[in-house]
Number of protein chains: 2
Amino acid sequence: MSNFHSHMSLALDEARAAAERGEVPVGAVLAGPDGVVLAQAGNRTREMADPTAHAEMLVIRQGCARLGSERLTGCSLYVTLEPCAMCAAAIAAARVARLYYGAADPKSGGVAHGARIFTRAQSHHSPEIYDGIGAQEAERLLKTFFADLRVGRPA
Amino acid sequence: MSNFHSHMSLALDEARAAAERGEVPVGAVLAGPDGVVLAQAGNRTREMADPTAHAEMLVIRQGCARLGSERLTGCSLYVTLEPCAMCAAAIAAARVARLYYGAADPKSGGVAHGARIFTRAQSHHSPEIYDGIGAQEAERLLKTFFADLRVGRPA
């Protein structure tokens with residue numbers, strides 16, 4: 001399995017684990033320039049009572065802590081859902097080299113929708129962007145999660 | 001001194017302390033619905049090796065931890081500089097009721113410039129926004145900091 005498939009597969013595992021914790025099922029993996037996984041996380045906004053604890057923010061912060069650097073030069077971020085504006089701006093600030101994401105997010109995405117962070121002249125950095133990888137499974141997880149919420153099944 | 005002046009004065013103190021640590025001098029204060037200070041911070045991106053450790057993000061996270069909630073309903077955020085897109089999106093996610101900021105930031109701001117986060121249909125929430133409070137001192141701190149960097153004085 002090529003790197004980007006195995007890394008997205010790991011991100012999907014994190015999304016599933018997030019759903020089991022009652023969190024919106026989004027997962028992310030950060031890989032170093034050599035492809036080695038530096039950090040992996042699912043959403044933890046409810047558990048941590050922290051609106052910034054999106055999966056992408058957690059792996060960026062963990063990866064920077066691990067490298068002892070504000071910059072993730074050469075690193076790749078894999079996330080199951082299109083990042084929101086907050087996460088996209090953090091990806092730019094951290095100088096992530098490549099962004100792979102699964103499902104599109106017309107409601108809250110900030111890459112191909114809404115604020116379109118990387119298209120702004122202000123954006124300090126734009127990663128290479130690859131979308132649609134693992135999108136079907138990422139969407140299925142999200143749809144199941146929100147459908148279960150609506151019928152009142154335990155999240 | 002009215003609340004918003006004393007809170008912005010405290011945020012300016014945090015900006016000055018950030019400059020002394022060699023951080024970009026931006027400070028923030030989060031106040032609860034009753035005006036009591038819940039959290040105060042300056043930038044710590046260098047010290048923490050964390051590109052998300054902007055003053056605003058730190059007070060949002062500290063305030064949420066203190067309240068045990070992902071939401072800062074009724075709270076006011078005071079920041080010496082126009083928030084960037086990352087911080088503005090976090091402010092929306094946290095449902096901060098009022099945003100007071102000092103200096104405008106045409107280069108990296110995401111409120112009145114660039115991504116203009118709160119004008120997006122996607123934005124889950126828009127705070128009331130008051131700008132220009134303490135702007136002159138906030139600008140002076142930033143200009144001095146970057147001028148000192150350019151002439152090689154210890155930051």
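Chain identifiers are assigned alphabetically (A, B, ...) following the order of the sequence lines, protein sequences preceding nucleic acid strands; residue numbering begins at 1 within each chain.
Proximity to chain B at a heavy-atom threshold of 4.5 Å picks out G68(A), S69(A), E70(A) from residues 68-84 of chain A, in numerical order. For residues 93-101 of chain A, heavy-atom neighbours of chain B at less than 4.5 Å comprise A93(A), A94(A), sorted by residue number. Contacts between residues 25-32 of chain A and chain B, counted as heavy-atom pairs separated by less than 4.5 Å, involve no residue at all.
More than 12 heavy-atom neighbours from other residues, nucleotides or ligands sit within 6.0 angstrom of CD on E128(B).
Scanning both residues, A49(A) and C64(B), for their nearest heavy atoms gives O-CB, 3.1 Å.
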Only pairs under 3.5 Å count here: list side-chain donor-acceptor contacts from residues 51-62 of chain A, not counting sequence neighbours, and write none if there are none.
from: T52(A); atom 1: OG1; to: D50(A); atom 2: OD1; distance (Å): 2.8
from: T52(A); atom 1: OG1; to: D50(A); atom 2: OD2; distance (Å): 3.3
from: R61(A); atom 1: NE; to: D50(B); atom 2: OD2; distance (Å): 3.0

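Highest contact tally toward chain A, considering only A65(B), A115(B), A121(B), is held by A115(B) [criterion: heavy-atom pairs under 4.5 Å].
Cluster membership for L67(B) and I91(B), using ILVMFWY side-chain heavy atoms within less than 4.5 angstrom, is shared.
Both the backbone and the side chain of A85(B) come within contact range of chain A, each with at least one heavy atom under 4.5 Å from a heavy atom of that chain.
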field: Intermediate values then yes/no, side chain to side chain contact (heavy atoms under 4.5 Å, CB included), K107(B) and H124(A)
entry: CA-CA 10 Å; K107(B) 189 167 161 281; H124(A) 299 299; 4.2 Å; yes
